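These notes concern the structure reproduced below.
Computed from a predicted structure; not experimentally measured.
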Amino acid sequence: MSSVSVPPSDVSAGLLARIAQGDREAFGRFYDAFAGLALGLIRRILRDPAAAEEVLQEVFWQIWREAARYDPRRGSPEAWLIVRAKTRAIDRLRAMRRREKTFVAPVDEAVASAPDLPAENPGVTAERRELAHAVLHGLAFFEGLTQSEIARRLGEPLGTVKTRARLGLERLRSMMKREGDIQP
């Protein structure tokens with residue numbers, strides 16, 4: 001990616017028209033002109049350079065396949081590209097967050113091979129599980145969003161969101177201490 005200046009919209013639209021006809025040279029020029037712009041946006045969304053580069057490839061593959069769909073009456077080629085880059089980056093971010101939520105940690109062999117301890121009363125275990133579930137459900141976790149994203153969504157100051165999260169976690173700790181599940 002060289003630091004080529006962005007061509008005027010009519011030139012960019014012409015490149016897209018040529019790309020739609022399979023012109024690889026036009027695609028190369030379009031890529032050189034806009035890859036830096038798209039990658040910057042994608043990196044701001046993902047904050048993972050490797051994932052950002054993968055998404056950039058996906059975006060330009062999409063440009064190659066869908067160049068004929070570009071409609072100059074709906075916006076500039078730059079805007080058309082940016083919408084695709086933003087959409088792909090957000091899709092990747094959501095997929096990454098879903099993977100993080102469903103991740104199962106590997107089994108710790110030292111714990112797995114430890115001698116069996118006397119089994120706890122199943123009723124007590126179920127009661128503790130219900131308590132933990134109720135407390136966690138009561139905390140304000142929003143679909144894996146960052147605190148900044150939660151603040152924007154709720155229209156609250158970031159400091160307020162951080163304070164509420166901290167207070168919620170302190171309350172959870174306090175409740176768990178009372179139940180004897182964790183040590184002070």
I'd like to know if Trp61 and Val59 are part of one continuous hydrophobic network [Ile/Leu/Val/Met/Phe/Trp/Tyr, side-chain heavy atoms within less than 4.5 Å].
yes
Using the rule that two of Ile, Leu, Val, Met, Phe, Trp, Tyr join whenever any of their side-chain heavy atoms come within less than 4.5 Å, decide whether Ile82 and Ile90 are in one cluster.
yes
Measure the shortest side-chain to side-chain distance between Asp32 and Arg29 over non-hydrogen atoms and say whether it is less than 4.5 angstrom.
no
Between [atom1] on residue [X] and [atom2] on residue [Y], distance to nearest 0.5 Å:
| X | Y | atom1 | atom2 | answer |
| --- | --- | --- | --- | --- |
| Phe27 | Arg18 | CZ | CZ | 13.0 Å |
| Leu41 | Arg84 | CG | CZ | 13.5 Å |
| Glu25 | Phe30 | CD | CZ | 13.5 Å |
| Ile42 | Arg88 | CD1 | CZ | 10.0 Å |
| Arg69 | Glu66 | CZ | CD | 4.5 Å |
| Thr87 | Glu58 | OG1 | CD | 12.5 Å |

What are the two closest heavy atoms between [X] and [Y], and how far apart are they?
| X | Y | result |
| --- | --- | --- |
| Tyr70 | Ala13 | CE2-CB, 3.9 Å |
| Ile45 | Leu93 | O-CD2, 4.0 Å |
| Trp64 | Arg24 | CH2-CG, 3.9 Å |
| Ala38 | Leu81 | CB-CD2, 4.3 Å |
| Met96 | Ala51 | SD-CB, 4.4 Å |

Where do Leu15 and Asp23 land on the side chain to side chain contact (heavy atoms under 4.5 Å, CB included) test, with the steps shown first?
CA-CA 9 Å; Leu15 290 173; Asp23 186 330; over 6 Å; no
Identify the residue among Glu54, Arg92, Glu53 that makes a side-chain contact (heavy atoms from CB on, under 4.5 Å) with Leu46.
Arg92
Between Ser12 and Phe34, is the side chain to side chain contact (heavy atoms under 4.5 Å, CB included) condition met? List the steps.
CA-CA 10 Å; Ser12 301; Phe34 295 108; 3.3 Å; yes
Near Arg65 CZ, under 6.0 Å, is it more than 12 heavy atoms from other residues, nucleotides or ligands?
yes
Could you go through Ile63 and Leu16, starting from their C-alpha distance and side-chain angles, then the distance that decides it, and tell me whether this counts as side chain to side chain contact (heavy atoms under 4.5 Å, CB included)?
CA-CA 8 Å; Ile63 297 294; Leu16 282 173; 4.0 Å; yes
Please walk me through it: do Tyr31 and Leu56 pass side chain to side chain contact (heavy atoms under 4.5 Å, CB included)?
CA-CA 10 Å; Tyr31 179 89; Leu56 180 70; 3.7 Å; yes
